[in-house]
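A short worksheet on the structure shown next.
Bear in mind that the values here come from a model prediction, so they are computed numbers and not experimental data. Note on naming: letters A, B, ... go to the chains in the order of the sequence lines (proteins, then strands), and numbering restarts at 1 for each one.
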2 protein chains.
Amino acid sequence: MPEFLDLHGKTSKALRALADGAMRRHGLHLGQNHLLAALWEQDGRTPGEIAAALNVTTPTVVKMATRMATAGLLTRRRDDRDNRLVRLWLTDAGRALQEPVEAERWAMEDHVLADLTPAERALLLAALTKVHRAATNLLTAPADT
Amino acid sequence: MPEFLDLHGKTSKALRALADGAMRRHGLHLGQNHLLAALWEQDGRTPGEIAAALNVTTPTVVKMATRMATAGLLTRRRDDRDNRLVRLWLTDAGRALQEPVEAERWAMEDHVLADLTPAERALLLAALTKVHRAATNLLTAPADT
DNA sequence: GCCGAATCGCTAGACGGCTAACGTCTCCAG
DNA sequence: CTGGAGACGTTAGCCGTCTAGCGATTCGGC
């Protein structure tokens, strides 16, 4: 079993579980914070825009938005000028989560990186960036294999 | 948006997509290779054992096993001595995938780490290990927060 | 001015993952 | 020897994610 892939997978799962618990404390499900973040950055975006920003597909955003609308975090409204478009708008409840959720996220990053020196953190980021780029390249250009 | 968590998330997603494509080439779905790996290591394990080995819950293994049994990769059989237990046994088809799938996985690791020097790889592994340990600790002991 | 092509959101359905609840089987204490 | 506690697998139902296919709207070429 490949060393790095195995370790990365485990780390990924642990971080996922950690984030899940953290978000659950604020009444959110895993991943919904990302959708909210996209709206915090700019309210009234369309599902397609958000999907592109989050690197997920449009149906994922649509489903999530439906649940979050039910939960009262945002509202759906069609664009006035282009009736194909739908825009998602934060409710007060959705806006109110920004500060605590972002704080939680930063705290999580701090805790998780607590044992690393600044130098180690820099190397980790650099290495992960390379891995990310390599993976992305392989995804878009599976020509060699 | 926290730097490391963000980067790790993106990398995770890219690696996931890459693995998905790779496994799909062998007729597997994402994650099924892990279940198979557990059986390649030792055939006839129980869902509970496998779940513990893969760091997932038992229902996850049960569902996956049901689909894989339908796909002809393994068979379910109750334990002779303890009728509560169920043991999963590889079929020839499931066994036949070991060599190509493991090769694919190693190739993927190689491609993804291609741009890193041995030193960088070592540091990456060390740093990720620390992160993993920190995350695991926070999961089992959320006492400080 | 109209009709086809492109764009966009949505639904349907599959899969991996989790929690909660249930049913069955073992096994030990009394 | 019997009954309750514990251990297991399974089912049900949710969420995030993906691919495929549908419906509606807009826009450009003729």
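- The NE2 atom of A:His132 lies 8.5 Å from the CG atom of B:Leu15; values are rounded to the nearest 0.5 Å.
- With a cutoff of under 4.0 Å to any heavy atom of chain A, the contacted region of DNA chain D is bounded 5' to 3' by D:dC15 to D:dT26.
- In this structure, NE2 of B:His29 is placed 13 Å from P of C:dG17, rounded to the nearest angstrom.
- The nearest heavy atom of DNA chain C to A:Pro47 and to A:Arg16 marks one nucleotide each, and the one closer to the 5' end goes with A:Pro47.
- Residues of residues 57-65 of chain B that place a heavy atom closer than 4.0 Å to DNA chain C, in numerical order, are B:Thr57, B:Pro59, B:Thr60, B:Lys63, B:Met64.
- Contact annotation: B:Gln32 side-chain N/O to C:dC15 OP1/OP2 distance is not under 4.0 Å.
- Checking A:Arg76 against A:Thr66 by side-chain atom types alone, a donor-acceptor pair falls below 3.5 Å.
- Between A:Met23 and A:Gln32 there is no side-chain heavy-atom pair separated by less than 4.5 Å.
- Distance CG (B:Asp20) to P (C:dC15): 12 Å, rounded to an integer number of Å.
- Across residues 66-88 of chain B, B:Arg76, B:Arg84, B:Leu85, B:Val86 each have a non-hydrogen atom less than 4.0 Å from an atom of DNA chain D (numbered order).
- B:Asp43 places a side-chain N or O within 3.5 Å of a backbone atom of B:Leu90 that can act as its donor or acceptor partner.
- In this structure, B:Leu35 places its CG atom 14 Å from P of C:dC15, rounding to the nearest Å.
- Side chain of A:Thr91 to main chain of A:Gly72: a donor-acceptor pair is present (N/O by atom type, distance under 3.5 Å, no hydrogens or angles).
- In A:Lys10, the NZ atom is not crowded: 12 or fewer heavy atoms of neighbouring residues, nucleotides or ligands sit closer than 6.0 Å.
- Residue contacts for B:Gly31: at a heavy-atom cut-off of 4.0 Å it reaches no nucleic acid atom on any strand shown.
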